[in-house]
Structure formats: C-alpha cells, structure tokens
Amino acid sequence: VQKLVVYLAVLRLYLGKAASEPAIRKLAEGVAREMALGGQLGKISASSWAALEEVELHIPPAVAEGDAKPPSPLKEFEFNAIAVETADGQTVVNGSKVSSWHDAAKHLLFPSVFTPPPPPSEEEYVQDPTLRPEVPEHTYLVTCTVNRRLTPLDYDRNVFHLEFDTAGTGLKYAIGEALGVHGWNDEQDVLDFCKWYGADPERLITIPVAANEGKMYTRTTFQVLQQQIDLFGRPPKLFYAELAAYATSPADRLALQFIGAPEGSSTFKKLGEKDTVTFAEVLQRYPSARPGIETLCEMIRDIKPRHYILRARRVRLAIASTC
C-alpha cells in the first residue's frame with residue numbers, strides 16, 4: 001500500500017494541472033490490478049488525493065555578484081567500456097565478468113558507447129542486434145500460435161504439433177529448408193543449479209559475443225543460463241581438461257585430467273553414451289572444481305538451435321522430441 005501511495009503522489013506531481021483523481025486512479029489500475037478488482041484502489045486513491053498538501057519551498061533571495069560564492073568544482077567521473085575492473089580487483093579487457101545493476105544503468109545512460117548503431121542496410125527487415133547476438137545467422141522472432149501434443153501423456157516420446165505466424169517478420173522459406181528453433185533450459189532446473197552453485201541469478205554477467213569479436217553483451221545470470229548456455233547438454237572431452245585446472249581436491253583434479261587425456265577415452269565414452277552426463281552433472285560429481293560463473297559460461301558451449309525440415313508451404317509442423 002505504501003508503494004502505491006507514493007506512485008499516486010508521483011503521478012499527481014507529474015501530470016500537474018492536468019491531474020484529476022479519476023485520471024490518476026485509471027492510470028494506477030495497470031500496476032495495482034488486484035487492488036482495483038478488490039475495490040481497494042478507489043479508496044486508497046481518494047484518500048491519497050485528499051491528504052496531499054501543497055508545501056511552499058523557501059527560495060533564498062538573490063545575492064549580489066560581488067558577494068556570491070564561487071560554484072563548487074565538478075567532480076571528475078570516468079569509466080571504461082572496454083577494460084573493466086572485477087570485484088577481486090583484476091582488470092578484464094573484453095572478457096567475461098559479473099557485475100551489479102550499475103552496469104545496466106550505464107548501458108541505459110550511455111547507449112551510444114555500449115550499443116553502437118547497426119550499420120546501414122537496404123534490407124526491409126533489418127536484424128535486431130539484441131536478438132541472439134551470439135549467432136551469425138539472421139534470427140527472426142516469430143509467434144507460436146499453436147502448440148499441441150499429439151501423443152498420450154504416458155507415451156515415452158512427445159510428438160507435438162506447432163504452428164508459427166511469420167507475418168511482418170521478413171522470414172521466408174522454401175520446401176526442404178530447415179527451420180532452426182532456439183530452445184531454452186527449464187526455469188526451475190536453472191534456479192536449482194544457481195542455488196547449488198552459489199550463483200545469484202539476479203546478478204548481471206557480461207560475456208563476449210563469440211560470433212562477433214570485440215563485442216560484449218550483458219544479461220542476468222539466470223537469462224544466460226536459461227537462454228544461451230547449454231548447461232544441461234553433453235560436455236566434450238576438452239571440458240574435463242579445462243575444468244581440472246579449477247579443482248582444489250587432488251582426487252577431483254586427477255580424475256578430470258584422466259578423463260580429458262587420451263588414456264581416459266573409454267571412461268569419457270561411458271560417461272557420454274551410457275551415463276549421458278551433462279555439464280551440470282559433471283560439476284556436481286567433482287564439486288571442488290568450481291570456476292567463477294562467468295568463466296564457466298565461457299567454458300560451456302552455447303545451446304545449438306534444433307533444425308526441422310519444412311515439408312509444406314505453410315509453417316505447420318509435426319515435431320518428434322524426447323524432451
């Protein structure tokens with residue numbers, strides 16, 4: 001209720017002479033829908049309108065030029081959008097790092113520094129630089145209008161029917177071409193991993209764009225692990241070797257080095273084909289190997305899009321998946 005009262009007061013000050021109690025109440029319905037449905041919003045709005053009082057601010061008299069004090073010197077402020085300092089005092093140049101909301105504020109205040117304008121293009125539908133910046137292919141945002149399961153719930157394979165609306169997106173396709181769909185990791189699985197790993201899902205993380213050298217992008221840790229990093233995919237042999245460098249336990253370090261070496265090929269094959277372990281499960285098997293979350297995101301590859309062959313002129317697909 002307190003936040004709502006402050007919101008109503010700010011609206012009244014912002015609208016000035018155009019403000020009226022019904023107009024402010026109407027605007028507040030969008031942010032206090034539950035209170036509006038319960039009938040409380042009208043009472044709170046009326047009480048706030050009646051209780052607000054106008055306060056006169058004392059303006060000091062003008063001072064003669066000779067008696068005026070010199071203005072305070074401006075404080076210097078600088079930041080580097082390329083080389084940044086991490087929480088442990090290290091300087092990172094175009095590398096991954098974890099930060100707070102302050103970085104997001106800088107991106108909003110100085111967009112020309114962090115997000116240069118896209119180059120001019122004669123295309124009717126220009127690629128949005130914020131839409132999957134880590135892949136070189138042209139990415140389109142389409143609307144899924146139908147998502148219907150075709151097999152019974154107790155069937156071990158999920159065969160489902162999808163329909164997409166591509167109107168106004170510029171997406172064109174021909175029969176025989178493949179439609180690549182960027183999948184996301186399960187929300188609860190990501191949150192469970194963050195809790196176990198000790199990573200704050202709300203902290204910001206900046207990662208280099210692999211497909212475009214020199215460019216970076218910033219998201220929350222949750223967004224990166226859910227939408228981009230293949231956390232629940234199968235790790236390659238190189239991952240074990242790289243992870244061994246971060247193991248503090250001798251047993252974990254030697255095991256990871258063995259799996260990542262040519263001598264551990266049979267063990268790696270068993271883990272990948274029989275046990276089908278994921279990146280997350282490898283980290284849980286060797287808990288002393290725990291690199292920083294920003295380093296881990298660079299070690300794990302991105303989620304690859306799933307490609308489906310188009311067999312009709314209309315984007316109406318029946319897709320088989322074990323997910």
S.K.: Measure from the side-chain N and O atoms of Ser45 to the backbone N and O of Leu41, and report whether any donor-acceptor pair falls under 3.5 Å.
M.R.: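 No, the answer is negative, given that no donor and acceptor are paired below the 3.5 Å cut-off.
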
S.K.: Could you walk me through whether Arg149 and Asn158 pass the side chain to side chain contact (heavy atoms under 4.5 Å, CB included) test, one step at a time?
M.R.: CA-CA 7 Å; Arg149 179 171 179 137; Asn158 179 12; 3.5 Å; yes

S.K.: Say whether Leu296 and Phe232 are linked into one hydrophobic cluster, either directly or through other cluster members, by side-chain heavy-atom distances under 4.5 angstrom.
M.R.: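 Linked within one cluster.
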
S.K.: Closer than 3.5 angstrom, by distance alone: can the side chain of Arg12 be matched with the main-chain N or O of Leu15 as a donor-acceptor pair?
M.R.: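 Flag not set: sc Arg12 to bb Leu15 has no pair under 3.5 Å.
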
S.K.: Within the distance-only criterion (no hydrogens, no angle test), does the side chain of Thr143 pair as donor or acceptor with the backbone N or O of Thr145 below 3.5 angstrom?
M.R.: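 Checked: no pair found.
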
S.K.: Verify, without hydrogens or angle tests, whether Asn185 (side chain) and Leu225 (backbone) share a donor-acceptor contact under 3.5 angstrom.
M.R.: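 Indeed, once roles are kept as given, a pair shorter than 3.5 Å links the two residues.
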
S.K.: Going by ring-ring contact (aromatic ring centres under 6.0 Å, His included), name the pairs with one or both residues in residues 271-306, residues two or more places apart or in two chains.
M.R.: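 Qualifying pairs: Phe239-Phe279.
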
S.K.: With a 3.5 Å distance limit and no angle check, can you tell me whether Thr295 reaches the backbone of Pro291 through a side-chain donor-acceptor pair?
M.R.: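 Between the backbone of Pro291 and the side chain of Thr295 there is no qualifying donor-acceptor contact (under 3.5 Å).
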
S.K.: Within a strict 4.5 Å, meaning less than it, do heavy atoms of the Asp156 and Thr151 side chains meet?
M.R.: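 No - every pair of side-chain heavy atoms lies 4.5 Å or more apart.
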
S.K.: Are Val282 and Met299 connected in a single hydrophobic cluster, I mean Ile/Leu/Val/Met/Phe/Trp/Tyr linked by side-chain heavy atoms less than 4.5 Å apart?
M.R.: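 Yes, Met299 and Val282 fall within the same hydrophobic cluster.
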
S.K.: Evaluate the ring planes of Phe193 and Tyr197, with Trp represented by its six-membered ring, and classify them as parallel (under 30°), tilted (30 to 60°) or perpendicular (over 60°).
M.R.: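 Because their plane-to-plane angle is under 30°, the rings of Phe193 and Tyr197 count as parallel.
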
S.K.: Determine whether a donor-acceptor pair (N or O, by modelled atom type, separation under 3.5 Å) exists between the side chain of Thr276 and the backbone of Glu273.
M.R.: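 Checked: no pair found.
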
S.K.: Test side chain to side chain contact (heavy atoms under 4.5 Å, CB included) on Val6 and Val10; report intermediate values, then the result.
M.R.: CA-CA 6 Å; Val6 174; Val10 171; 4.3 Å; yes

S.K.: May I ask you to decide whether Lys270 forms a salt bridge with Asp275, counting only side-chain N to carboxylate O separations under 4.0 Å?
M.R.: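 Looking at Lys270 and Asp275, the cut-off is met.
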
S.K.: Does CH2 in Trp184 sit with more than 12 non-hydrogen atoms of other residues, nucleotides or ligands closer than 6.0 Å?
M.R.: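 It does not: Trp184 CH2 has 12 such atoms or fewer within range.
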
S.K.: Is there a side chain to side chain contact (heavy atoms under 4.5 Å, CB included) between Cys297 and Ile205? Walk through the geometry before answering.
M.R.: CA-CA 9 Å; Cys297 289; Ile205 182 170; 3.9 Å; yes

S.K.: We want to know whether Glu202 and Thr221 form a side-chain donor-acceptor pair, criterion being a heavy-atom distance below 3.5 angstrom.
M.R.: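 Absent: no donor and acceptor within the cut-off.
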
S.K.: Would the distance check show the side chain of Gln223 and the main-chain N or O of Thr220 forming a donor-acceptor pair, the cut-off being under 3.5 Å?
M.R.: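 Looks like yes, one N/O pair under 3.5 Å.
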
S.K.: Find out if a path of hydrophobic residues (ILVMFWY) with successive side-chain heavy-atom gaps under 4.5 Å connects Val277 to Trp196.
M.R.: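 Yes.
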
S.K.: Name the atoms and distances for all side-chain donor-acceptor pairs under 3.5 Å in residues 245-269, with sequence neighbours left out.
M.R.:
unit_1, atom_1, unit_2, atom_2, d
Ser249, OG, Ala251, N, 3.4
Asp252, OD2, Ser288, N, 3.3
Asp252, OD2, Ser288, OG, 2.7
Arg253, NH1, Ala247, O, 3.4
Ser265, OG, Pro262, O, 2.8

S.K.: Should the pair Glu29-Arg25 be classified as a salt bridge under the 4.0 Å nitrogen-to-oxygen rule?
M.R.: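 A salt bridge is absent here (no side-chain N lies under 4.0 Å from a carboxylate O).
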
S.K.: Should Asp165 and Val142 be marked as a side chain to side chain contact (heavy atoms under 4.5 Å, CB included) after you check the CA-CA gap, both sets of side-chain angles, and the distance that decides it?
M.R.: CA-CA 6 Å; Asp165 182 9; Val142 300; over 6 Å; no

S.K.: Under 3.5 Å, side chain of Arg203 to main-chain N/O of Ser99, donor-acceptor pair present?
M.R.: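 Flag set: sc Arg203 to bb Ser99 pair under 3.5 Å.
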
